[in-house]
Amino acid sequence: MFDCLKSNNILISSSLSFTLIVLIIILTDSIISNVSLHSSVFQQHHTNNINHDQVYCSTRFHSRVEQFSRTNQCKVNFFMTWISPANSFGQREFFALESLFQTNPKSCLIILSTTMDSEEGFKILEPLISLGFRVESISPDLSDLLKNTPAETWLVEIKNGNKNPGEIPLAQNLSNLIRLAVLYKYGGVYLDMDFVVLKDFSGLRNSIGAQSIDANGKWSRLNNAVLVFDKKHPLIYKFMEEFALTFDGNIWGHNGPYLVSRVVDRVAKTKDFNFTVLPPMAFYPVDWTRISRFFARPNDPATAKWVEAKIRHLNRSTYGVHLWNRESNKFKIEEGSIIWRLVYDHCLICHFNFSTS
């Protein structure tokens with residue numbers, strides 16, 4: 001099925017041309033997974049009366065999500081996406097998982113990823129699984145996820161080559177759509193992978209975070225890096241509707257942060273939606289233009305004092321810190337920096353080599 005290719009067989013790079021993507025989609029629309037699972041531990045972890053060699057992807061995807069949620073008493077259901085190769089899942093990404101479970105130990109996490117849903121991906125997650133934390137990677141099936149949603153027709157048009165994906169890698173926009181679809185179908189929390197989680201999320205419902213506010217305290221930009229919504233929430237439906245109707249693959253953010261900002265600006269004028277816009281301090285306490293300060297060590301008493309005050313403020317008022325990986329991946333985590341402190345305060349295994357971060 002569409003978007004259920006195993007990394008062991010075919011790995012779709014976001015840099016592939018649109019023509020090749022469409023060709024792969026068409027040729028594999030009804031593919032059956034034939035991955036050989038050599039690790040007995042990996043096989044045991046994935047034994048939920050599911051035969052990975054014979055069951056179609058859509059059936060497997062839904063049944064695996066349902067089985068994972070049903071067999072685990074999850075305080076909160078978290079979802080993340082990973083569209084890169086499994087071998088690029090590094091220590092920063094792993095720390096995001098550590099901080100999530102350190103602060104939400106009774107919650108569950110599903111990583112929506114074809115590449116992490118593999119023996120290599122399982123080995124990456126095994127240190128957390130062995131400690132009893134409930135995390136699993138599941139290959140998403142967009143055909144199933146988008147069925148009976150406003151974006152179902154959009155997917156057909158992409159598949160048939162009737163919709164221009166634009167210059168931005170299609171995988172990025174698929175990630176924007178997958179997060180909406182999985183929340184609409186199952187409900188829970190979507191979280192980007194470049195986060196440091198600082199608080200328990202169980203008290204949040206139907207919430208989205210403001211990235212910035214104006215001089216009057218009104219939000220000026222929202223972001224979709226964190227979404228907390230009930231199953232079949234009407235706002236998520238509106239987000240998917242907007243995605244399908246106004247899709248533009250040439251403008252960065254148009255189908256993501258800009259999209260949720262446009263829709264919320266419109267629906268906020270009505271009383272038909274029940275949701276909360278949280279202030280920037282909740283998820284985006286530092287703007288991407290200033291994120292470098294969080295990675296730098298304090299070099300004088302004044303800066304050290306500022307770091308201490310900032311950490312106290314974050315621990316008191318912030319659910320999680322978005323690291324703006326598009327900007328911050330070039331920065332090393334320096335000893336004594338805010339990020340360095342947060343990492344060690346919220347890690348579980350704590351095996352980090354910051355000299356290479």
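Owing to the predicted nature of the structure, the values given are computational and were not obtained by experimental measurement.
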Q: Mind listing the closest non-hydrogen atom pair of Leu146 and Ala181 along with its distance?
A: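 So the two residues come closest at CD2-CB, 3.7 Å.
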Q: Is there a side-chain contact between His62 and Asp144 in this structure, where contact means two heavy atoms from C-beta onward sitting under 4.5 Å apart?
A: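 Touching, per the 4.5 Å side-chain cut-off.
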Q: For the side chain of Arg134 and the backbone of Gln73, is there at least one donor-acceptor N/O pair under 3.5 Å apart?
A: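 Yes.
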Q: Where the side chain of Lys231 meets the backbone of Gly188, is there a donor-acceptor pair that is under 3.5 Å apart?
A: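 A pair under 3.5 Å: no.
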Q: Would you please indicate yes or no on a ring centroid separation below 6.0 angstrom for Phe78 and Tyr190?
A: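 Judged by ring-centre distance (under 6.0 Å), Tyr190 and Phe78 do not meet the cut-off.
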Q: Within the distance-only criterion (no hydrogens, no angle test), does the side chain of Ser88 pair as donor or acceptor with the backbone N or O of Ser84 below 3.5 angstrom?
A: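 Checking the backbone N and O of Ser84 against the side chain of Ser88, no donor-acceptor pair under 3.5 Å is found.
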Q: What distance separates Leu198 CG from Ser317 OG, expressed to the nearest 0.5 Å?
A: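 One finds 10.5 Å between CG of Leu198 and OG of Ser317.
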Q: Parallel, tilted or perpendicular: which one describes the rings of Phe275 and Phe273, with boundaries at 30° and 60°?
A: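 Rings of Phe275 and Phe273: perpendicular, as their planes differ by over 60°.
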Q: Report yes or no: does Asn104 contribute a side-chain atom to a donor-acceptor pair with the main-chain N or O of Phe201 at less than 3.5 Å?
A: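 Confirmed, Asn104 side chain pairs with Phe201 backbone.
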Q: Check whether any side-chain heavy atom of Leu235 sits under 4.5 Å from a side-chain heavy atom of Val267, and report yes or no.
A: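 Leu235 reaches Val267 side chain to side chain.
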Q: For a quick check under 3.5 Å, do Asp248 and Asn255 share a side-chain donor-acceptor pair by atom type?
A: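 No, no side-chain donor-acceptor pair sits under 3.5 Å.
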Q: Taking the side chain from Ser130 and the backbone from Glu126, do they hold a donor-acceptor pair closer than 3.5 Å?
A: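 Yes; at least one donor-acceptor contact below 3.5 Å.
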Q: So, do Leu191 and Leu227 sit near enough that their side-chain heavy atoms are less than 4.5 Å apart?
A: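 Leu191 vs Leu227: side chains apart.
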Q: Ignoring hydrogens and geometry beyond distance, is a side-chain donor-acceptor pair present between Glu157 and Asn162 at under 3.5 Å?
A: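 Side-chain D/A pair, Glu157 to Asn162: absent.
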Q: Heavy atoms only: give me the nearest Asn274-His233 pair and the separation to one decimal.
A: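 The pair with the smallest heavy-atom distance is O-NE2, 2.8 Å.
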Q: If we ignore angles and hydrogens, is there a donor and acceptor under 3.5 Å between the side chains of Ser139 and Asp117?
A: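 There is such a pair (donor and acceptor under 3.5 Å, judged by atom type) between the side chains of Ser139 and Asp117.
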Q: Out of Phe295, Tyr284, Phe195, which one pairs with Trp324 under the ring-ring contact (aromatic ring centres under 6.0 Å, His included) rule?
A: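 Passing option: Tyr284.
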Q: For the atom pair CG (Leu323) and CG (Asp192), what is the distance rounded to the nearest 0.5 Å?
A: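 Atom-to-atom, Leu323:CG and Asp192:CG are 10.5 Å apart.
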Q: Distance-only, no hydrogens or angles: does the His346 side chain make a donor-acceptor pair with backbone N or O of Leu342 under 3.5 Å?
A: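 Looks like yes, one N/O pair under 3.5 Å.
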Q: Any chance the side chains of Gln67 and Arg64 put a donor and an acceptor closer than 3.5 Å?
A: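 Not at all, the side chains of Gln67 and Arg64 share no donor-acceptor pair under 3.5 Å.
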Q: May I ask you to decide if Asn315's main-chain N or O and Lys199's side chain share a donor-acceptor pair within less than 3.5 Å?
A: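 Yes; at least one donor-acceptor contact below 3.5 Å.
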Q: Given side chains that start at C-beta, do those of Lys238 and Arg266 come closer than 4.5 Å, heavy atoms only?
A: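 Heavy-atom side-chain distance check fails, nothing below 4.5 Å.
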Q: Go through the side-chain N and O atoms of Arg179 and Ser175 and say whether any donor and acceptor fall under 3.5 Å apart.
A: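 There is such a pair between these side chains.
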Q: Would the number of heavy atoms belonging to other residues, nucleotides or ligands and lying under 6.0 Å from CZ of Arg290 be above 12?
A: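 At most 12 heavy atoms, drawn from other residues, nucleotides or ligands, come within 6.0 Å of this atom.
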Q: Within this structure, what is the CD1-CG distance for the pair Ile83 and Leu112, rounded to the nearest 0.5 Å?
A: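 Rounded to the nearest 0.5 Å, the CD1-CG separation comes out at 12.0 Å.
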Q: May I ask you to check whether Phe247 and Phe243 place their ring centres under 6.0 Å from each other?
A: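 They qualify: ring centres under 6.0 Å apart.
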Q: How many angstroms lie between atom CD1 of Ile178 and atom CG of Leu183, to the nearest 0.5 angstrom?
A: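 Between atom CD1 of Ile178 and atom CG of Leu183 there are 12.0 Å.
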Q: Assess the residue pair Ser220 and Ser212 against the criterion (side chain to side chain donor-acceptor pair (under 3.5 Å)); give the C-alpha distance rounded to whole Å, side-chain angles, the decisive distance to 0.1 Å, and a yes or no.
A: CA-CA 6 Å; Ser220 55; Ser212 58; 2.7 Å; yes
Q: Pick out which of Pro127, Pro105, Ser107 makes a side-chain contact (heavy atoms from CB on, under 4.5 Å) with Phe133.
A: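 Exactly one option meets the side-chain contact (heavy atoms from CB on, under 4.5 Å) with Phe133, and it is Pro105.
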Q: Apply side-chain contact (heavy atoms from CB on, under 4.5 Å) to Trp306 and Ile338, showing your working.
A: CA-CA 10 Å; Trp306 174 80; Ile338 291 174; 3.7 Å; yes
Q: Restricting to non-hydrogen atoms, name the atom on Lys147 and the atom on Lys185 that form the minimum distance, rounded to 0.1 Å.
A: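 Smallest heavy-atom distance, with atoms named: O-NZ, 3.2 Å.
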Q: Could you check if a side-chain atom of Leu142 sits within less than 4.5 angstrom of a side-chain atom of Leu174, using non-hydrogen atoms only?
A: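 Of all side-chain heavy-atom pairs linking Leu174 with Leu142, at least one is under 4.5 Å.
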Q: Could you check whether any side-chain heavy atom of Tyr319 comes within less than 4.5 Å of a side-chain heavy atom of Val226, counting everything from C-beta outward?
A: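 SC-SC contact between Tyr319 and Val226 ruled out.
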Q: Have Asp194 and His322 got a donor and an acceptor in their side chains that come within less than 3.5 Å?
A: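 Asp194 vs His322: donor-acceptor pair found between side chains.
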Q: Return yes if some donor-acceptor pair links the side-chain N/O of Thr318 with the main-chain N/O of Gly320 below 3.5 Å, else return no.
A: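 No: the side chain of Thr318 does not pair with the backbone of Gly320.
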Q: Donor-acceptor pair, distance only, cut-off 3.5 Å: does the side chain of Ser261 make one with the backbone of Leu222?
A: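 A pair under 3.5 Å: yes.
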Q: So, for His351 and Gln91, which heavy atoms are closest and what is the spacing to 0.1 Å?
A: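 Distance-wise, the nearest heavy atoms are O-OE1, 4.2 Å.
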Q: Do Thr246 and Arg262 have side-chain atoms, one donor and one acceptor, less than 3.5 Å apart?
A: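 There is such a pair (donor and acceptor under 3.5 Å, judged by atom type) between the side chains of Thr246 and Arg262.
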Q: When rounded to the nearest 0.5 angstrom, what is the spacing between CG in Asn223 and CD1 in Ile208?
A: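 Asn223 CG to Ile208 CD1: 8.0 Å, rounded to 0.5 Å.
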Q: So, Ser207 side chain and Leu204 main chain: donor-acceptor pair closer than 3.5 Å or not?
A: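 The answer is no, because no donor-acceptor pair under 3.5 Å joins these two groups.
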Q: How close do Pro140 and Ser113 get, heavy atom to heavy atom, and via which atoms?
A: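 Heavy-atom minimum between the residues: CD-N, 3.6 Å.
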Q: I want to check something: taking the side chain as every heavy atom from C-beta on, are Ser328 and Phe331 in contact at a cut-off of under 4.5 Å?
A: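 Side-chain contact under 4.5 Å: yes.
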Q: Would a 4.5 Å heavy-atom cut-off, applied to side chains only, mark Phe294 and Leu314 as touching?
A: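 Yes, at least one pair of side-chain atoms sits under 4.5 Å.
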Q: Looking only at heavy atoms, what is the nearest atom pair of Ser137 and Leu125, with distance?
A: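 Smallest heavy-atom distance, with atoms named: OG-CD1, 3.4 Å.
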Q: Roughly how far, to the nearest 0.5 Å, is the NZ atom of Lys332 from the OG atom of Ser337?
A: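 Output value for this atom pair is 13.0 Å.
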